[in-house]
Protein chains: 2
Amino acid sequence: MERPGSGAKRSYNQYCGLASALDILGERWTLLIIRELLMGPRRYSDLLVDLPGIGTNLLAERLKFLVDKGVVQQIDLKGTGSRLAYELAEPGESLRPIVLGLAHWGMDHVGDLSPADTVRPHWGFLAVEAMFQPEKASAIDESYEFRVDDQVFHVTVAGRVPRVGKGPADNPAMVAVTDAATFVQIGAGRLTPLIAMVSGRLTIEGDAEAVVRCCELLGIATGAMTAPSRAPSR
Amino acid sequence: MERPGSGAKRSYNQYCGLASALDILGERWTLLIIRELLMGPRRYSDLLVDLPGIGTNLLAERLKFLVDKGVVQQIDLKGTGSRLAYELAEPGESLRPIVLGLAHWGMDHVGDLSPADTVRPHWGFLAVEAMFQPEKASAIDESYEFRVDDQVFHVTVAGRVPRVGKGPADNPAMVAVTDAATFVQIGAGRLTPLIAMVSGRLTIEGDAEAVVRCCELLGIATGAMTAPSRAPSR
DNA sequence: CCGCATCCGAATAGATACTG
DNA sequence: CAGTATCTATTCGGATGCGG
């Protein structure tokens, strides 16, 4: 066991659920891989593109490890043989609320957008799911559509229960069009929708009241508009 | 203060909530430090004892970093000057559901108890909080007491709302006495209460029906046992 | 002692070249 | 395309030092 690369994985050696979870998920890049897979199956090369800096060996090793632990599984996308991809197995899928919780927490800690930062429009989908405050869902049934660069997704509120989905909304009460960086900045509270619109980075169409309800649902400050003045919960 | 010569901190450089969260929490030991602080303030030396293997420099560095990020704060325990400790600031406290979620997830992945594993009785407190399935709370108001080695804590159900607390329960419907390793093994489903009792590692006193309700609440199988056939590769 | 800071061998991560 | 193999750069872990 002295030989380097002999495979004895590092462990916290604590008989505790959290330590066991971190023995599987705690290494660098692992939870970001899970994040990508939360938005559907991905191929090896897709992951490389959306995780800049990971390095091919690390990605391969992490994937192999996660498959071995039953968190991720390989699937055959189309036809036999080639075109295979990775997707979450059930234990991986059950990480969704945890990863979204972390993403929500981290929203309060995103810094200024630096030129070194990468942004991906499909992260907007995750951001919406993470920002959700279901208890703030309006009593009115309606849906909102988001177009973040080339990604389109929507939120539908029905009977005070909000849900996110891919693709365009059916008869949306609001349509917001923006780029990925602006989207995240608004979600993080570092930019108000107002400023984003004035500076031409955000376009909103639809009913003004619906816009307010949508912002409420996502915990976005509307910028001292009408309505009850609510203390920022931060 | 920045240290000019020796590198800036490593970051994923992704403009995304999850990546930002992991830039703060994703390094080795960090979430285990948070776990300890979730159960109250701790001194530097306490943390060293309950995180075997961390190394003194790492602990100091992590704590400094977390204080710098506003997740943790230093407090003055008794009197002035010495006897200072670390406790979670509000952003750290808001990690509780996330850490508990991870702990719950990890419960399905704890392996066999190895001689190399450390166990701490106060982790039982965390385990109970993590295993909670509030929607399974019984309609009957009652409380259960747990004595895990030298730690005593309890669960109180009132109006279908369960809560965990330190110290003995007031007029408990059930009292369970065990050691930390057995406690975790039962919570992880690797050992049934029945087997634990027969082998003398667990003592339960109280109403049999209350015991069943308590197990329900914590998601513990009461029925005929079958040895878990899961074999985690280590 | 307690609360770190420093130093160093060992284990991981990152970058790049290469292969079926 | 989907990874290995290899090499270098960082980080970790453990021992030790040191001021209060």
Side-chain angles (χ1 to χ4, degrees), chain A residues 1-14 22-33 36 41-68 72 74-87 116 118, chain B residues 1 3 5-14 19 22-23 25-33 41-68 72 74-86 116 118:
Chain A
M1 63 191 276
E2 267 113 35
R3 226 164 31 102
S6 69
K9 196 178 165 322
R10 181 161 63 176
S11 161
Y12 287 112
N13 288 316
Q14 294 188 358
L22 293 176
D23 279 343
I24 296 175
L25 307 170
E27 284 166 310
R28 198 161 164 75
W29 295 108
T30 301
L31 280 174
L32 295 182
I33 294 172
E36 293 300 316
R42 289 284 193 285
R43 307 238 310 273
Y44 179 88
S45 50
D46 297 331
L47 292 170
L48 269 186
V49 167
D50 286 333
L51 300 172
I54 191 178
T56 60
N57 54 346
L58 259 272
L59 177 57
E61 189 180 310
R62 293 286 184 270
L63 286 170
K64 200 179 298 178
F65 181 70
L66 289 173
V67 168
D68 185 52
V72 167
Q74 269 186 316
I75 57 166
D76 197 331
L77 268 190
K78 42 180 67 175
T80 50
S82 60
R83 254 55 181 108
L84 48 80
Y86 295 90
E87 79 175 355
T118 49
Chain B
M1 303 302 181
R3 297 189 319 193
S6 62
K9 204 191 154 323
R10 181 160 61 177
S11 160
Y12 287 112
N13 288 316
Q14 294 187 358
L22 293 175
D23 279 342
L25 307 170
E27 284 166 309
R28 197 161 164 75
W29 295 108
T30 301
L31 280 174
L32 293 182
I33 294 171
R42 289 283 191 287
R43 310 240 317 269
Y44 177 88
S45 50
D46 297 331
L47 292 170
L48 269 188
V49 167
D50 287 333
L51 300 171
I54 191 179
T56 60
N57 52 347
L58 259 270
L59 178 56
E61 190 180 309
R62 294 287 183 269
L63 286 170
K64 199 179 298 176
F65 181 70
L66 288 173
V67 168
D68 186 52
V72 166
Q74 269 185 316
I75 56 167
D76 196 332
L77 267 191
K78 42 179 64 177
T80 49
S82 61
R83 254 57 179 106
L84 48 79
Y86 295 90
T118 49

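In what follows, every chain begins at residue 1, and chains take the letters A, B, ... in the order their sequences are listed. All values below were derived from every heavy atom in this structure, side-chain atoms included, with hydrogens, water molecules and symmetry-related copies excluded.
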Visitor: Please give, in whole Å, the distance from dT16(C) P to L48(A) CG?
Guide: 14 Å
Visitor: For L63(B) and dC2(C), what is the distance between atoms CG and P respectively, to the nearest whole Å?
Guide: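 About 16 Å, once rounded to whole Å.
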Visitor: Closest approach to the side chain of T56(A), judged atom by atom: which nucleotide of dG14(C), dA17(C), dC12(D) is it?
Guide: dA17(C)
Visitor: Counting C-beta onward and ignoring hydrogens, is there a side-chain heavy-atom pair between I54(A) and I33(A) closer than 4.5 Å?
Guide: yes
Visitor: Nearest to the side chain of Y86(B) - dC4(C), dG13(D), dC2(C)?
Guide: dC4(C)
Visitor: Could you check whether S45(B) gets within reach of a base, just the sugar-phosphate, or nothing at all, counting any heavy atom under 4.0 Å?
Guide: sugar-phosphate
Visitor: Between atom CG in N13(A) and atom P in dG14(D), what is the gap in whole Å?
Guide: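 Answer to the nearest Å: 10 Å.
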Visitor: Check whether any side-chain N or O of R28(B) sits under 4.0 Å from OP1 or OP2 of dT12(C), and answer yes or no.
Guide: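 Result: no.
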Visitor: Can you find a heavy atom in the side chain of Y44(B) that is under 4.5 Å from one in the side chain of T56(B)?
Guide: yes
Visitor: For the pair made of CG in L59(A) and P in dG3(D), what is the distance, rounded to whole Å?
Guide: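 To the nearest whole Å, that distance equals 8 Å.
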Visitor: From the list dA2(D), dA5(C), dC12(D), which nucleotide is the closest neighbour of the side chain of A60(B)?
Guide: dA5(C)
Visitor: If you only use heavy atoms from C-beta on, which nucleotide in dA13(C), dG3(D), dG14(D) is closest to the side chain of N57(B)?
Guide: dG14(D)
Visitor: Examine dG13(D): is either OP1 or OP2 under 4.0 Å from a nitrogen or oxygen in the side chain of R10(A)? Give yes or no.
Guide: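 For R10(A), the contact criterion (side-chain N or O under 4.0 Å from OP1 or OP2 of dG13(D)) is met.
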Visitor: How many whole angstroms separate atom CG of L84(B) from atom P of dC2(C)?
Guide: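 Computing the L84(B):CG to dC2(C):P distance gives 13 Å.
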Visitor: Can you check the F65(A) CZ to dA13(C) C1' distance for me, whole Å?
Guide: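 In whole Å, dA13(C) C1' lies 16 Å from F65(A) CZ.
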Visitor: Over how many whole Å does the gap from W29(A) atom CH2 to dT12(C) atom C1' extend?
Guide: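 Atom-to-atom, W29(A) to dT12(C), this comes out as 14 Å.
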Visitor: Measure from CD1 on I54(A) to P on dT10(D) and round the result to the nearest Å.
Guide: 19 Å
